[in-house]
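Counting begins at 1 with the first residue of the sequence.
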Amino acid sequence: MIDRSFIEKIEEMTEPKVIETDHGAFSDKQLHRIEDRLIDTTKLSSLSGLATMIKQEMNDFNIPLFVRVSSPEKVDVLGAVRYDMQREMPYTAIAKFIGFDYDRYMSIENMIICLKSRFAPTEDRDYLVQLLGNITDQQSVQTKDDGITQSATIKSGIQLVGEQRIKPIVSLKPYRTFLEVEQPESDFLIRLKDGSAALFEADGGAWEREAVKNVADKLRELLEDVPNVHIIE
């Protein structure tokens with residue numbers, strides 16, 4: 001049987017030895033830092049839920065906390081830099097909404113459904129729903145295009161109902177960010193073709209900056225009484 005003193009002797013022989021020299025201290029074995037594990041990121045789907053978590057647990061992390069609006073649909077919370085030069089990211093919030101397929105033609109009926117369910121109410125949204133509703137109530141529609149605007153001639157059987165000028169550009173508010181903030185309004189080009197319709201974005205992506213600002217402003221409101229929290233756009 002191996003006695004305890006023998007085991008202790010082996011452990012002593014295998015321990016790192018520090019050697020002092022005129023050029024400094026050296027170890028006879030390579031050492032590796034044991035890293036502290038970063039906390040897993042909690043995923044949330046609302047700004048109010050994110051604010052609640054920050055208020056309840058912020059003292060558990062390296063402060064200050066930095067709340068970064070990474071995009072219209074994503075917010076990341078970062079802790080201060082740790083001793084090992086890493087940052088914790090305790091929370092992230094990702095907006096949940098049903099997107100819309102731009103630049104793609106779809107049936108008139110599907111377009112009406114999408115306008116009612118995936119866009120916030122606006123005057124132009126109601127205009128489009130009414131326009132497209134008139135088309136679906138008829139048997140056929142013919143369009144004219146002069147390169148700037150379109151017009152639709154709607155027929156019911158052999159009866160000519162009339163020609164209606166279509167707005168070339170409409171202002172709409174699709175759901176594209178957290179539902180707790182005002183959805184940014186932007187311009188779209190509406191096109192009709194062969195009994196189908198499509199929307200094309202026409203604002204060059206300017207809506208994204210507005211959406212980020214709206215999210216940041218909402219977070220400032222929710223966290224205005226919380227110290228050591230910085231909102232970054």
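- Cluster annotation: Leu44 and Val229 are assigned to the same hydrophobic cluster (Ile/Leu/Val/Met/Phe/Trp/Tyr, side-chain heavy-atom contacts under 4.5 Å, transitive).
- Between Lys173 and Glu182 there is a salt bridge, with a side-chain nitrogen of the basic residue lying less than 4.0 Å from a carboxylate oxygen of the acidic one.
- Remark: the backbone N or O of Gly99 is paired with a side-chain donor or acceptor of Arg118 at under 3.5 angstrom.
- With salt bridges taken as basic N to acidic carboxylate O contacts below 4.0 Å, none links Arg68 and Glu233.
- Annotation: cation-pi geometry satisfied between Lys167 and Tyr127 (NZ/CZ under 6.0 angstrom from ring centroid, within 45° of ring axis).
- At distances below 3.5 Å, at least one donor-acceptor pair connects side-chain atoms of Asp203 with backbone N or O atoms of Trp207.
- Remark: the backbone N or O of Phe178 is paired with a side-chain donor or acceptor of Gln183 at under 3.5 angstrom.
- No side-chain donor-acceptor contact under 3.5 Å links Arg191 to the backbone of Ala198.
- Distance check: Leu78 CG to Phe66 CZ gives 8.5 Å after rounding to the nearest 0.5 Å.
- A distance of 10.0 Å separates CD1 of Ile112 from CG of Leu128, quoted to the nearest 0.5 Å.
- Of the possible donor and acceptor atoms, none in the side chain of Glu201 sits under 3.5 Å from a partner among the backbone N and O of Phe188.
- A salt bridge does not link Glu210 with Lys213: every distance from a Lys NZ or Arg NE/NH1/NH2 to an Asp or Glu carboxylate oxygen is 4.0 Å or more.
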*side-chain contact (heavy atoms from CB on, under 4.5 Å) between Asn228 and Leu65, worked out*: CA-CA 6 Å; Asn228 296 313; Leu65 294 180; over 6 Å; no
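- In this structure a side-chain-to-backbone donor-acceptor pair under 3.5 Å is present from Thr92 to Val75.
- Atom CG of Leu50 is separated from atom NZ of Lys55 by 11.0 Å, given to the nearest 0.5 angstrom.
- Ring to ring, Phe100 and Phe119 are close: their centroids are under 6.0 angstrom apart.
- Note on Ile63 and Ile39: same hydrophobic cluster, where clusters join Ile, Leu, Val, Met, Phe, Trp and Tyr whose side-chain heavy atoms are under 4.5 Å apart, directly or indirectly.
- Note that SG of Cys114 is 7.5 Å distant from CG of Asp101, once rounded to the nearest 0.5 Å.
- With hydrogens and angles ignored, the 3.5 Å screen pairs no side-chain donor or acceptor of Asn62 with any backbone N or O of Gly79.
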*Decide yes or no on side-chain hydrogen bond (donor to acceptor under 3.5 Å, both in side chains) for Ser196 and Arg104, but give the supporting numbers first.*
CA-CA 10 Å; Ser196 60; Arg104 185 178 72 83; over 6 Å; no
*Do Glu180 and Ser48 pass the side-chain hydrogen bond (donor to acceptor under 3.5 Å, both in side chains) test, and can you show the C-alpha distance, the side-chain angles, and the key distance before you say yes or no?*
CA-CA 8 Å; Glu180 297 149 285; Ser48 57; 3.1 Å; yes
